[in-house]
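What follows is a single structure, written as structure tokens, with notes after it.
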Number of protein chains: 2
Amino acid sequence: MAQNDTVTRILDTAEVLFAERGFAETSLRTITSKAKVNLAAVNYHFGSKKSLIQAVFARYLDPFTERFHGALDELERRYRGEAIPLEELLETMARSVLEVPAERNSLKVFMRLLGLAYSQAQGHLRRYIQEEYGSVFTRFTDLIRQATPELPDAERFWRLHFVLGTVIFTLSGLDALRDIAEKDYNEHVTVRDLVRRLRPVVVAAMQAPLPAPAPAGVREA
Amino acid sequence: MAQNDTVTRILDTAEVLFAERGFAETSLRTITSKAKVNLAAVNYHFGSKKSLIQAVFARYLDPFTERFHGALDELERRYRGEAIPLEELLETMARSVLEVPAERNSLKVFMRLLGLAYSQAQGHLRRYIQEEYGSVFTRFTDLIRQATPELPDAERFWRLHFVLGTVIFTLSGLDALRDIAEKDYNEHVTVRDLVRRLRPVVVAAMQAPLPAPAPAGVREA
DNA sequence: TCCGGTAATAAACATTTGTTTCAAACGTGG
DNA sequence: CCACGTTTGAAACAAATGTTTATTACCGGA
């Protein structure tokens, strides 16, 4: 199990360094020295730095998509054709996201990586994630559509990304925010705690009244 | 006005490149060649790449904080001691943010930069922004507190960051999202449009019902 | 006109980056 | 025990980065 050990050690080290500093700011030498493996091991086992980055994501997203697909199967079975309630869908998504990294106590790393995947330009990453894991997201949004028939399609699209932003932003910046919260309110906040606080906010956001119609004839660059 | 021209050209070019690719991924050579100035000009006028990054932010944040402070002064004068309504505060913040880059039609650049400032590790940037512009944020949160006396302090703290996440996440990833939205819904979305959609969602999020109390005795790693 | 400092330029600098090379060590199946 | 494919190791590679150095060009005031 020598090669497996090396591969795992590289992945374990890389994911926390990536999460802390971003991809471009993390050199292979930093990773390999901290992981106590040879520099060439990365190119030997993964081929390139880009592939290493993708492998880091795959290790989270592969189990996640599997679990999530399973959970959605179960939900659809339970509701047999009827629309699944919105809160049930959100709850299921939350549970699936939480379960995967829970096995390694690395939720904040996972969330930070997700945040980077969005913000970071890194064209190849977005393309990779989209191609590899786009289908499960499509399935989820389809179910969301059936659960919120009163929303116009475009409005639902944007609201989904609004709440996605809330969750990723909050959980990926959790450490910094937690420090402030503890200092100011003397309250130790757990992830469970945050999810509990998130729930009513997310639901309220999705069910907010529709915006006033756009004023006509206003141009913008 | 030769030196001013060079300085401005560097800033103009740097800000769009930074916004497109991030800081580490944008080299001084790319900036200077695109701006048609000499490579050494950056170090001559700004001292270092770090200082250039800070200067890019200062060019947005200095006018913003001035306008925002002014707008808050005006609000406080209008309400003379009484609590300013939440929506008025949010509206004022939105207007101040929108006004500054409007002068150069570069709102998306500004937003992307804000998003990078959060997501990007770049320790020096966070510290710089915090030290230089933290006070206006403190003033704003104080007013928000007076506008939402029904919220427990901790709850308000988290909700503020929830909606901050929504806004920054959405607007900083605007280009990518816009592409999807246009492809799927054949709808060209402007920033004004997004702000209009954001408003009811943000208000609903801040006013959502309080979460169920935390279950007692549940431990977590 | 000439001087003085400011700015622009080209070249070189020292580091750091990802990647490649090739030899040595390893381990497993015959 | 030997041979062979796999993995590790140290070193070198080319390319790219931020920064510095001299040198030249510029330009307004004495």
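In what follows, chains are A, B, ... by sequence order, proteins preceding strands, each numbered from 1.
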Next item on the list: With the side chain of A:N38 defined as its heavy atoms from C-beta on, choose the nearest nucleotide among D:dT19, D:dA10, C:dT19.
Entry: D:dA10
Note to self: Please give me the minimum heavy-atom distance between B:T92 and B:A71, naming the atom from each residue.
What the structure shows: CG2-CB, 3.5 Å
Note to self: Measure CZ/A:F23 against P/C:dT17 and give the value in whole Å, please.
What the structure shows: 17 Å
Check: Side chain of A:K49: nearest nucleotide among C:dT19, C:dA7, D:dT7?
Finding: C:dT19
Margin query: Any side-chain N or O of A:H45 below 4.0 angstrom from OP1/OP2 of D:dT6?
Written below: no
Next item on the list: Output yes when at least one side-chain N/O atom of A:S27 is less than 4.0 Å from OP1 or OP2 of C:dT17, else no.
Entry: yes
Notebook entry, point to check: Does B:T6 put a side-chain nitrogen or oxygen below 4.0 Å from OP1 or OP2 of C:dA8?
Noted result: yes
Note to self: Whole angstroms only, please: what is the CZ-C1' distance between B:R9 and C:dA7?
What the structure shows: 13 Å
Next item on the list: Step by step, work out the side-chain hydrogen bond (donor to acceptor under 3.5 Å, both in side chains) result for A:R156 and A:T148.
Entry: CA-CA 8 Å; A:R156 178 173 38 243; A:T148 55; 3.1 Å; yes
Margin query: Using whole Å, what does the distance between atom P of nucleotide C:dT20 and atom CZ of A:F46 come to?
Written below: 16 Å
Checklist line | A:L39 or A:Y44, whichever maps to the more 5' nucleotide of DNA chain D | finding: A:Y44
Next item on the list: Please work out which of the three classes, parallel, tilted or perpendicular, describes the rings of A:F57 and A:F23, given edges at 30° and 60°.
Entry: tilted
Next item on the list: Using atom CZ of B:R21 as one end and atom C1' of D:dT17 as the other, report the distance to the nearest whole Å.
Entry: 14 Å
Next item on the list: For B:I53 and D:dT19, give me the distance from atom CD1 to atom C1', rounded to whole Å.
Entry: 15 Å
Margin query: Below the 4.0 Å mark, does D:dG18 have OP1 or OP2 next to a side-chain nitrogen or oxygen of B:N43?
Written below: no
Check: Toward the 5' end of DNA chain C, which comes first, A:T30 or A:A40, by nearest nucleotide?
Finding: A:T30
Notebook entry, point to check: How would you label the contact of A:T32 with the nucleic acid (heavy atoms, under 4.0 Å): base, sugar-phosphate, or nothing?
Noted result: nothing
Check: Please give, in whole Å, the distance from C:dG27 P to A:D5 CG?
Finding: 12 Å
Item checked: is_close_aromatic(B:F68, B:F140), centroid dist under 6.0 Å -> yes
Margin query: Check this for me: A:E74, atom CD, are more than 12 non-hydrogen atoms of other residues, nucleotides or ligands nearer than 6.0 Å?
Written below: yes
Next item on the list: Specify the separation, in whole Å, of atom CG of A:L17 and atom C1' of C:dT17.
Entry: 16 Å
Check: How many Å lie between CG on A:L28 and P on C:dT15, as a whole number?
Finding: 21 Å
